[in-house]
K.L.:
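Sending over a structure as structure tokens; questions will come in a sec.
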Amino acid sequence: MKRIKSFFRYDNIGLLYALPAFLYMLFFVGYPIVSNLILSLQNVTVRNLVRGSRDFIGFDNYIKLMHDPVFLRAMFNTLLFTVSCLVVQFVIGFALALLFQKDFSFARPVRGLLMIPWMIPMTVTALIFKFMFSTDVGIINYFLKSAGLITENIQWLTSPSTAMTAVITANIWIGIPFNTILISTGLTTIPLELYESAAIDGANGRQKFFKITLPLMRTTIESLLVLGFIYTFKVYDMVYVMTGGGPVNSTHLLSTYSYKLSFEMFQYSLGSSAANVLLVILLLVGVVYLKITMKGEME
Amino acid sequence: MKKLMTALLFAALLGGAVTGCSSGSGAVSATESKTETAKSSEKAATTASEKASETEKSEAAGDVTIWYYWETEGHQKALNHIIEEFNGSQKEVKVQAKYVPFADFKKQLSIGASADELPDLVILDNPDHASYAAMGIFADLTGRFDVSTYYPGPVNSCTLDGKLYGVPFGSNCLLLFYNEDMLKAAGCKVPTTWDELLTTAKACTTGQVSGFAHCSLQNEEGTFNFLPWVWSTGATSYEINSEGGIKALTMVKSLVDSGAMTKEAINWTQGDTMNQFISGNLAMMINGTWQVPTMRQEAPDLKWNVAPIPMDKKQASGLGGENYAVIKGGNEEGAVKFLKYATSEETCLYMMNAMGYISSDSVIAKKQFKGDPVYDAFVEEMQYANARGPLPEWPDISDAISLAFNEVMTDTSTPEEAAAKAQAVIDGIIKK
């Protein structure tokens, strides 16, 4: 009795409040992850999905994937996709946030318009970009040609060397608003007095940015980059609609390749192994994020 | 403890991020779908008793649900029309149809199979039939349905280990479509050999117009359109690294390299290819029977005709089409009853004509399209049409083949390299 009472002390009552959410997560997220893990250690194909025995084959699926050139390419593509999207989105997002911090006329409506990429469904964006990157009738080749930058039309989506660039470009466009919003919010938390006193001390714009803005934005930037990483790393629809992983498997990401293995080629276990690799990488990044936010809270 | 709890919660949340949030977008992420599978199987397990009573109820009411993937409006209307007629003609069985997009169809069937949530009847692409039959989700119709008058190719696609796991819905095959005016303007005759095709296609290629194209997607659709080249040399679908296979790949390469076949075709579905043709951007294309009604409706003034696909050693075409399959453990009786209605001569004729299909029942096929030269050409071509598979692992083989011609078309491999790579995959599957 005493024990129960002591459990409901102030410290522990918080755990109790979190319990329903925790149970929900355990059931709807924990269970699928575990079952996916089990699936990846078995040998499930068309012949034994519904009936027959499912043999445990240990890590054979993972070993097989490590020797699969398409998987390795997908792995590389996913990293390339994530890093290049993150860097460019972040730089452009930061620049836009700084721009909209200044109160010029039309700043507000223009900032509102900036949110549009974020609001359009991903598949619609992907289709629009697919048209824009089309070789013969695409507007991008038209502009490049009109500007005299190219003489021959570039085969954006039909050549393995350029398709990835096209997909990354489209995804960067989508991610900019997310970066702009979070950085704008972060900027408003910096007290204006700091800039004023710096101005009195004779600091120039660049010094203000590197000595005041950036250091004070550190936690915002860290969370932003980690969240951005998670969002970008798991992108699926963009690539599925624009190229379907092609041409010649050159644009497969871990997500699209895992889908292809499971639902187009009926290699269910292999597909779930690929998905698990994706999950493990995201979990690692998640731990980093956790560290950052916890540290922030402690401060 | 607190830290651990937070960590666990976070892990769960992260899982949510990986698995969720894109349900509104049509295309669903792989991990998510798997979660869905797991979720629904979980649901199925926990509510097994509930579900059992539900099934009983629906069987008593005699409901039959059909899944199909036709996106063409005419196809959907024709199917709905016969369903309405069937529902009106009797009281015991009530049929309803559900459209599942082609891209999602395989996924939905897989998920449904592992979660035990399938319809009672499906109309599916015939090369996939063997895979699902091997999975064990189709009812054995041997002796319950008479297919003795049907063409052997389509019946084969429904058969696995000597048992009949479905009924052919209707068939189609591929032919060369050509724009009569463009060929005349270029001063060319209809090509019958590969060399003639190459010269004719080059002659018809101008600024906006490509001489020739066929859907070359890196999937089943692309494989379907590419394989006639291979078959024409005498090689089979399983002999890509042979003299014939390499010759076929080289043929496609020279078409693309000379600019006579547009490279954009690797992103075109068969529907896209047809649209390019009727918009006047293509002089010739390979396409199937089912496009004819749409083409006549959309471009009534366009002058076009069909001819056998230009050949190397022998005439060859691809056999396409759909099969009906009854799901095991569903409302099998109701489904078979509807099947018998749908395949009866009058209903079948109506559907085949409305959809531009050739009936798989040879008795009915001979009564179709009397005097329509375009359709007669297709019916004639049926005897040269080869089936893909049937093999439960066909999707893997198809993937290897489509990768091979995509590599050649995009110039990432030589025909020899691509053929060798594809053959390694194929041998790994059929020599097991």
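Every chain is numbered from 1 and lettered A, B, ... according to where its sequence line falls, protein lines coming before strand lines.
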K.L.:
In Å and rounded to the nearest 0.5 Å, what is the CD to CD distance from B:Q218 to A:E264?
P.N.:
9.5 Å
K.L.:
Measuring from B:D399:CG to A:N249:CG, what's the distance to the nearest 0.5 Å?
P.N.:
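B:D399 atom CG to A:N249 atom CG measures 6.5 Å (nearest 0.5 Å).
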K.L.:
Measure the spacing between CG of B:N219 and CE of A:M265 and express it to the nearest 0.5 Å.
P.N.:
12.0 Å
K.L.:
Given heavy-atom pairs under 4.5 angstrom as the criterion, report whether the side chain, backbone, both or neither of B:D396 touches chain A.
P.N.:
both
K.L.:
Measure across B:K106 and A:F263 and return the closest heavy-atom pair with its distance rounded to 0.1 Å.
P.N.:
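Taking B:K106 first and A:F263 second, the nearest heavy atoms are CB-O, 3.4 Å.
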K.L.:
Just verifying a value: how many Å separate B:K263 NZ and A:S159 OG, rounded to the nearest 0.5 Å?
P.N.:
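If I round to the nearest 0.5 Å, the distance is 5.5 Å.
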K.L.:
Would a 4.5 Å heavy-atom cut-off, applied to side chains only, mark A:N48 and B:M135 as touching?
P.N.:
no
K.L.:
Are more than 12 heavy atoms, taken from residues, nucleotides or ligands other than B:E71, located less than 6.0 Å from that residue's CD atom?
P.N.:
no
K.L.:
At what distance, to the nearest 0.5 angstrom, does CD of B:E393 lie from OG1 of A:T45?
P.N.:
7.0 Å
K.L.:
B:S131 versus chain A, heavy atoms under 4.5 Å apart: side chain, backbone, both or neither?
P.N.:
both
K.L.:
So for B:A404, is it side chain, backbone, both, or neither that comes closer than 4.5 Å to the heavy atoms of chain A?
P.N.:
neither
K.L.:
Taking the side chain as everything from C-beta on, heavy atoms only, tell me whether A:S134 gets closer than 4.5 Å to B:E264.
P.N.:
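Heavy-atom side-chain distance check passes, below 4.5 Å.
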K.L.:
Which value, rounded to the nearest 0.5 Å, describes the distance between A:F266 atom CZ and B:S110 atom OG?
P.N.:
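Between A:F266 CZ and B:S110 OG, I get 5.0 Å after rounding to 0.5 Å.
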K.L.:
With a 3.5 Å distance limit and no angle check, can you tell me whether B:E407 reaches the backbone of A:V248 through a side-chain donor-acceptor pair?
P.N.:
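It does not hold such a pair.
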K.L.:
Does a donor on one side chain sit under 3.5 Å from an acceptor on the other, for B:Q208 and A:D136?
P.N.:
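No, A:D136 and B:Q208 have no side-chain donor paired with an acceptor closer than 3.5 Å.
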K.L.:
So, do A:T158 and B:M409 sit near enough that their side-chain heavy atoms are less than 4.5 Å apart?
P.N.:
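In short, these two side chains do not touch, never coming nearer than 4.5 Å.
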